[in-house]
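Worksheet: one structure, shown below.
Proteins get letters first, then strands, A, B, ... in listed order; numbering begins at 1 in each.
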Amino acid sequence: MEVAVKPGDLLRQADPERLHRIRHTASHVMAMAVQTLFKDAKVTIGPATEMGFYYDFDRGEPFTPQDLKKIEKEMRRIIKANLPVVRQEFDRATIRAEIEKLKEPYKLEILAAIPEGEVITRYTLGDPNGDKPFWWDLCAGPHLATTGEIHPEAFALESVAGAYWRGDEKNAMLQRIYGTAWETPEQLQAYQQQIEEAKRRDHRKLGKELQLFSIQEDAGGGLVFWHPRGGTMRRLIEDYWKDMHVAAGYELVNTPHVANLDLWKISGHNDFYRESMFDTMEVEEQQYQLKPMNCPFHVLMFKDGLHSYRELPMRWAELGTVYRYERSGTLHGLMRVRGFTQDDAHIFCTEDQIASEIFGVLNLAETVLTTFGFADYEVNLSTRPEKYVGADAIWDKATQALRQALDQKGWVYKVDEGGGAFYGPKIDIKIEDAIGRRWQCSTIQLDFNLPERFDLHYVSEDGARVRPIMIHRALFGSIERFFGILIENYAGDFPLWLAPAQVRLIPVTDAQRDFAEGVAKQMKTAGLRAEVDRSGDRMQKQIRKAELEKIPVMAVVGAKEVESESLSLRTRKTGDLGVVLVTVAIEKMQAAVRNRDWL
RNA sequence: GCCGAUGUAGCACAGUGGUAGUGCAGCCGAUUCGUAAUCGGCAGGUCACGAGUUCAAAUCUCGUCAUCGGCUCCA
């Protein structure tokens, strides 16, 4: 189901610079409106965002949806009054006195945070000397020239939410009001359409409707149940993943879900990752830990035996299920859960092998992601942070190797200087879905820490014991999350090879039931997932049900079809395909599955 | 975890102090039908859970759990 007008196209026409001014000014207009209506509200900050703006207020009571309507109305009044927006420069002492007059404690904090020597500016709405309304905020700008430049029908207040002052949960909880603003009402509409589209694709909604998975209160939050249809899809995804990895020179391994806490002490996780771990459990007076990561297990396996340089690189892959404590408020469908399966792999190699191994991972990532319809990536390389372990020389060499691999791949990438983990540099890949949202899935991370902590080594050509390089990588990130992204990307309309039920056989009357069952059996033998509608409903109803279940192919069987050993095919993608022989229908579907295409 | 909202049948929702309702789905019966809903009947809920207020609680209060929108964090 394609959207008639692609909202994204309309939104891309917008001028980013002007949008920024509109939103920033809208946030000031909102703050003015709030302080007009609610005298006790203290202002804090109110920036423009990617899709709109927000402003945080300190106020005893939270705002209600009714308040938002009032605020919107007041904003329209301010816009219609067409107040001038004036930038004024101030010296620190004068502006401090002005802020003190207004009794705005947060603004004083903001002022104190402005470095010496920087120009201090305020923006006023309205004329300070006239009798028109007047309001101002300490702000770097930029803004529109007048409030009237905001189109009164191209903005909307969206929601209220709590937010911490300066994003720190130790600070006071402020009341944030989110809004959106655009150049034209058409753009606003397109934006709202896009939100509707995202809602339509919501994996939580589709997951329930299509009976793919559930998360059950009785079991606890963040724990996923894969129902038969979702389970079928997971099997397909995992089988594909395994085949690709074996083909790419990986070996598949399996490791336990719990281990002695001592292991996590050696790995360091018990210190720096404790707050994300489930509590320990006691077994025969020993402490055991549910695993939050797979890496220490693979390290232990590497340690179990002496390795020659001739064995390297060793590539060990595992669909490893890990458990992490996530705070209840952060759980979100499949995207953020407490138990999930990483498509993990660890590569142990020599320093000289880094570049070629990374290149191999990039190629594999591209192959795998493209298969699921993701061909556009945003790639980031993160380099050495302030605090780190490992020698400078190896950091430099490794970072250089990552660059070399990316250049060889020919991918455009951004460098996040100092954004790497303390134990090594990394490459992150974000994929873009069908409606332009970006998701971080793949990550490739060098680790100079674990080999050191576990004292890993291999025997080199000259008989010396050498520390191997450890590369940690995941392509999907987590199967659960990737599945959620897949559902939203395809809006539940999966390509034939992934669809949990590929073809629904629809007998026109009960007289065709046996024939349909026979065809279904034939299809199953041919490796297709076929089902017969045994409800006895009218054909129209059967078609409707299959459409709502988003089954890609419907095969209607009436008296004529039985007579000619054929099927009347109808697909979700292209509609009526006409009558074809059963054998031909099977071949067509098999071909579509092979090509990972729709029918 | 924090701020706010929500939790009624498998699903979508109505019900604001007086014994719990509608549609779809399910089951039974009739219908045997040609590309998105045939008709009739039946059954299904200690109103998330626990406490309290009240003669009386889905409805009011408190607590717990879960979900939703954010904050923070992240696969």
Side-chain angles (χ1 to χ4, degrees), chain A residues 54 56 59 61-65 67 158-178 199 202 204-205 208-209 211 214-223 273 275-276 292-294 320-322 324-344 428 439-443 445 472-485 504 506-513 535-549 554-561 568-572 575-579:
Chain A
Y54 67 81
D56 287 346
R59 179 166 181 255
E61 263 174 77
F63 297 100
T64 65
D67 291 339
E158 298 177 297
S159 60
V160 278
Y164 302 104
W165 169 236
R166 300 214 148 129
D168 187 335
E169 57 191 274
K170 288 192 277 294
N171 289 339
M173 174 69 71
L174 306 173
Q175 300 303 324
R176 175 172 298 179
I177 301 180
Y178 280 96
K199 267 190 206 159
D202 192 316
R204 294 166 300 185
K205 183 168 163 274
K208 174 162 268 187
E209 284 173 7
Q211 296 173 49
S214 67
I215 292 170
Q216 310 218 20
E217 194 173 337
D218 290 338
L223 302 169
Y273 208 68
E275 59 179 25
S276 296
M293 291 195 185
N294 303 302
T321 303
V322 297
R324 296 183 186 174
Y325 166 70
E326 297 286 353
R327 298 193 288 181
S328 53
T330 64
L331 300 174
H332 180 93
L334 293 177
M335 303 300 188
R336 190 74 181 274
V337 293
R338 283 180 174 158
F340 59 97
T341 301
Q342 290 182 312
D343 67 316
D344 218 348
D428 291 321
W439 306 91
Q440 208 223 288
C441 292
S442 309
T443 167
Q445 193 130 24
H472 171 116
R473 45 109 289 182
L475 306 185
F476 298 145
S478 100
I479 305 261
E480 283 74 7
R481 195 174 126 90
F482 188 74
F483 187 47
I485 295 167
R504 171 75 53 84
I506 298 177
V508 176
T509 76
D510 285 351
Q512 288 85 44
R513 178 90 63 86
S535 67
D537 286 330
R538 292 177 63 196
M539 180 205 62
Q540 284 91 333
K541 177 83 169 274
Q542 296 183 56
I543 288 173
R544 180 178 156 79
K545 282 191 297 182
E547 288 282 358
L548 291 175
E549 289 174 49
M554 283 150 275
V556 176
V557 186
K560 282 179 291 186
E561 285 78 17
S568 175
L569 289 186
R570 171 187 163 120
T571 67
R572 272 181 66 69
D576 204 333
L577 291 188
V579 178

Using the [atom1] atom on both, measure [N] against [M] and round to a whole Å.
N: B:G70; M: B:U64; atom1: P; value: 24 Å
N: B:G1; M: B:C73; atom1: C1'; value: 11 Å
N: B:G69; M: B:A9; atom1: C1'; value: 27 Å
N: B:A25; M: B:A48; atom1: P; value: 26 Å
N: B:U59; M: B:U72; atom1: P; value: 36 Å
N: B:U61; M: B:U16; atom1: C1'; value: 15 Å
N: B:A37; M: B:C47; atom1: P; value: 38 Å
N: B:A66; M: B:C49; atom1: P; value: 15 Å

Closest to the 5' end of RNA chain B, once A:T443 and A:S159 are matched to their nearest nucleotides, is A:S159

Start at the 5' end of RNA chain B and walk down; is the nucleotide closest to A:Q342 or to A:M173 reached first? A:M173

Regarding [N], can its base be found pairing with the side chain of [X] as donor and acceptor, where the two atoms are less than 3.5 Å apart?
X: A:E561; N: B:G34; value: yes
X: A:Y164; N: B:C2; value: yes
X: A:E549; N: B:A36; value: no
X: A:R570; N: B:A36; value: yes
X: A:R481; N: B:A75; value: no

Cation-pi geometry met for A:R338 and A:F340 (6.0 Å, 45°): no

What is the separation between atom [atom1] on [X] and atom [atom2] on [N], rounded to the nearest whole Å?
X: A:Y54; N: B:G69; atom1: OH; atom2: P; answer: 19 Å
X: A:R538; N: B:A30; atom1: CZ; atom2: P; answer: 18 Å
X: A:K208; N: B:C11; atom1: NZ; atom2: P; answer: 5 Å
X: A:R327; N: B:U67; atom1: CZ; atom2: P; answer: 15 Å
X: A:D537; N: B:C39; atom1: CG; atom2: P; answer: 11 Å
X: A:L331; N: B:A66; atom1: CG; atom2: C1'; answer: 10 Å
X: A:D56; N: B:C2; atom1: CG; atom2: P; answer: 19 Å
X: A:L334; N: B:U67; atom1: CG; atom2: P; answer: 12 Å

So does [X] pair up with [Y], basic N to acidic O under 4.0 Å?
X: A:D56; Y: A:R176; value: yes
X: A:R513; Y: A:D510; value: yes
X: A:E209; Y: A:R204; value: no

Could you check which nucleotide pairs with B:U22 in any of the strands shown, counting Watson-Crick or G-U wobble with both distances under 3.5 Å? B:A12

For [X], which contact category applies under a 4.0 Å heavy-atom criterion: base, sugar-phosphate, or nothing?
X: A:K545; result: nothing
X: A:A546; result: nothing
X: A:G167; result: sugar-phosphate
X: A:G536; result: base
X: A:Y178; result: sugar-phosphate

Just checking, any donor-acceptor pair under 3.5 angstrom between side chains of A:S535 and A:K541? no

Determine whether the side chains of A:Q512 and A:T509 contain a donor N or O and an acceptor N or O closer than 3.5 Å. yes

B:A36, B:G4, B:G7: which one has an atom nearest the side-chain heavy atoms of A:I543? B:A36

Out of B:C11, B:A36, B:A75, whichever nucleotide has its closest atom nearest the side chain of A:E547: B:A36

Near-parallel close stack of A:F340 and B:A75 base (under 5.5 Å, under 30°): yes

